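Structure first, commentary second.
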Amino acid sequence: MSAYDKVAAARAKGRPTGTDFIANIFEDFVELHGDRRFGDDRAVVAGIARLNTMPVTVVALERGHDTKEKVFRNFGSAHPEGYRKALRQMKLAEKFGRPVVCFVDTSGAFCGIAAEERGQGQAIAENLMEMMTLRVPVVSVLIGEGGSGGALALAVADEVWMLENAVYSVISPEGCASILWKDSSRVKEASECLKLTAQDLLELKVIERVVGESGRNFHRTYLEIKQGLWETFARNKKLDPQELIRKRYERFRGIGSGPAGTLLVR
C-alpha cells in the first residue's frame with residue numbers, strides 16, 4: 001500500500017472508532033463527563049475501566065460511526081473542554097495510581113472561533129506539559145488518523161503504538177499540498193513526503209510498536225493491544241515514578257535517532 005492508500009484506509013467508513021476499542025479491550029467501563037470549567041465535549045470519551053484485573057483510566061477521541069453520530073461527536077475534533085476533560089481524568093488516575101490508555105483518532109483539534117476563544121492552544125499545551133510529568137504509566141495508541149496538535153495532546157506517553165493502517169502527521173496531505181505547491185491535487189505526493197505511515201514512524205522512533213490489522217475483523221487486533229497493554233503496564237508500574245518520568249523524557253529527546261522499535265505486522 002502507498003502512503004495515500006494508508007490515509008484512505010485510516011479514514012475508511014466502517015473502521016472501528018475509540019468506543020469500539022474500549023468495548024472490546026476493557027471491562028466495566030464507566031464514562032465520566034465534563035471538565036468542571038465549561039462543559040462536556042462529546043468528541044472525547046473518558047472514564048475508568050478494568051484491564052483484566054487492573055484498574056485503568058481510558059481516554060479516546062471519538063469520531064462516530066454514522067452521519068448523525070459524527071455530527072454529535074464533532075467528527076472527532078475536540079474543543080478545549082475535551083482536552084481539559086482528558087487531563088482531569090489523567091490527574092485523577094495519577095492520584096489513585098491507575099495507568100492511562102489513550103486512543104487517538106482525529107483529523108485535528110477543532111479550529112472554530114469558539115474553541116480559540118476558550119483557549120484551544122493553551123489546553124493542548126497544558127496537556128503536553130502535564131502528560132510529560134504524569135507519575136503513572138501512559139500508553140497512547142493511534143487507531144486511525146493522528147492529526148497535528150489535536151492528536152499530540154493525547155500522545156505524550158511512555159510508548160506510542162499505531163495500527164498498521166493508521167497515519168500520524170503534523171498536517172493532512174491535502175493541507176500540505178495546498179501550502180507547498182498551491183495544488184491540492186498533489187495529495188499523493190504530499191503523503192509520501194510527510195512520512196506519516198506507521199512503518200515510516202517506526203524507523204524514526206516516533207512510535208514503538210505497529211499493531212497488525214486482520215482485514216475488517218479487528219478481533220485479533222483487540223487481543224494484541226489488550227495483551228500488550230497488560231504486559232507494558234505490569235512492567236512500568238514497577239518503576240519508581242521519577243524513573244518513569246525520566247524514561248518518558250528521554251524517549252522524546254531520542255526521537256529520530258538510534259535503533260527502530262518493534263514491528264508487529266502479520
Side-chain angles (χ1 to χ4, degrees), residues 10-11 13 15-23 29-49 57-94 100-134 138-157 160 166-176 178 196:
R11 298 170 174 173
K13 183 178 180 180
R15 186 178 179 86
T17 65
T19 52
D20 296 313
F21 281 82
I22 292 173
F29 176 69
V30 177
E31 186 175 359
L32 301 173
H33 299 272
D35 68 341
R36 304 188 73 180
R37 297 190 193 182
F38 181 82
D40 185 40
D41 187 350
R42 303 293 186 175
V44 177
V45 176
I48 56 177
T57 288
V58 185
V59 180
L61 286 163
E62 173 60 36
R63 304 179 76 113
H65 298 87
D66 55 28
T67 302
K68 183 178 180 180
E69 190 180 355
K70 287 178 185 291
V71 172
F72 179 71
R73 300 290 186 181
N74 201 35
F75 296 84
S77 294
H79 291 76
E81 50 270 23
Y83 293 112
R84 291 177 179 132
K85 173 168 71 170
L87 182 57
R88 177 188 169 213
Q89 296 307 319
M90 293 179 201
K91 298 302 285 185
L92 281 173
E94 183 179 54
V100 176
V101 186
C102 296
F103 293 103
V104 180
D105 185 13
T106 181
S107 58
F110 187 62
C111 56
I113 293 175
E116 294 299 325
E117 290 175 339
R118 297 198 295 274
Q120 185 72 287
Q122 182 190 28
I124 292 173
E126 189 174 7
N127 274 33
L128 302 181
M129 179 180 69
E130 294 288 349
M131 289 184 73
M132 184 61 76
T133 57
L134 278 179
V138 186
V139 171
S140 294
V141 186
L142 278 294
I143 60 174
E145 274 192 284
S148 192
L152 186 60
L154 294 181
V156 179
V160 179
V167 294
Y168 191 22
S169 175
V170 69
I171 192 172
S172 69
E174 293 84 359
C176 176
S178 296
L196 45 65

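Since the model is a prediction, treat every value here as computed from it, not as a measurement.
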* **Stepwise side chain to side chain contact (heavy atoms under 4.5 Å, CB included) check, Val45 with Phe29** => CA-CA 11 Å; Val45 176; Phe29 176 69; 3.9 Å; yes
* Evaluation steps, side chain to side chain contact (heavy atoms under 4.5 Å, CB included), between Leu142 and Val160 -> CA-CA 8 Å; Leu142 278 294; Val160 179; 3.6 Å; yes
* To do: I would like to know whether Tyr83 and Val44 meet side chain to side chain contact (heavy atoms under 4.5 Å, CB included); could you show each step before the answer?
  => CA-CA 8 Å; Tyr83 293 112; Val44 177; 5.5 Å; no
* To do: Could you go through the side chain to side chain contact (heavy atoms under 4.5 Å, CB included) check for Asp41 and Arg84 one step at a time?
  => CA-CA 9 Å; Asp41 187 350; Arg84 291 177 179 132; over 6 Å; no
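Nearest approach of Ala60 to Gly18, heavy atoms of both residues: CB-CA, 4.0 Å. Looking at every heavy atom in both residues, Ser169 comes nearest to Leu196 through CB-CB, 3.8 Å. Here the shortest heavy-atom pairing between Ala43 and Ala78 reads CB-CA, 3.9 Å. The two residues Val138 and Ala157 come nearest to each other via the heavy atoms O-CB, 3.4 Å. Nearest approach of Ser107 to Ser77, heavy atoms of both residues: OG-OG, 3.8 Å. The minimum heavy-atom distance linking Met90 with Val100 is given by the pair CG-CG1, 4.1 Å.
Asn127 places a side-chain heavy atom less than 4.5 Å from the side chain of Leu154. Leu152 is listed as a side-chain neighbour of Leu128, based on a closest heavy-atom distance under 4.5 Å. Annotation: side chain of Arg88 is not in contact with side chain of Asp35 (no heavy-atom distance under 4.5 Å). Between Asn74 and Arg42 there is no side-chain heavy-atom pair separated by less than 4.5 Å.
Glu145 pairs by the salt bridge (charged side-chain N to carboxylate O under 4.0 Å, His left out) definition with Arg11, Arg63, not counting sequence neighbours. Annotation: salt bridge (charged side-chain N to carboxylate O under 4.0 Å, His left out) contacts of Glu130 (sequence neighbours excluded): Lys91.
Note that CZ of Phe72 and NE2 of His65 are 13.5 Å apart. Values are rounded to the nearest 0.5 Å. Atom-to-atom distance recorded for Glu81:CD and Leu87:CG is 14.0 Å, nearest 0.5 angstrom. To the nearest 0.5 Å, atom CG of residue Leu61 and atom OG of residue Ser140 are 10.0 Å apart. Interatomic distance, CD of Gln89 versus CD1 of Ile48, reported as 8.0 Å (0.5 Å rounding). We find the NZ-NZ distance between Lys70 and Lys13 to be 8.5 Å, quoted to the nearest 0.5 Å. Atom CZ of Arg73 and atom CG of Asp105 lie 12.5 Å apart (nearest 0.5 Å).
Of the possible polar contacts, none joining the Thr17 side chain to the Gly64 backbone as a donor-acceptor pair under 3.5 Å is found. Between the side chain of Glu117 and the main chain of Gly112, no donor-acceptor pair closer than 3.5 Å is present. Put simply, the side chain of Glu62 gets close to the backbone of Thr19: a donor and an acceptor are under 3.5 Å apart.
Few gaps surround CD on Glu116; more than 12 heavy atoms of other groups in view lie less than 6.0 Å from it.
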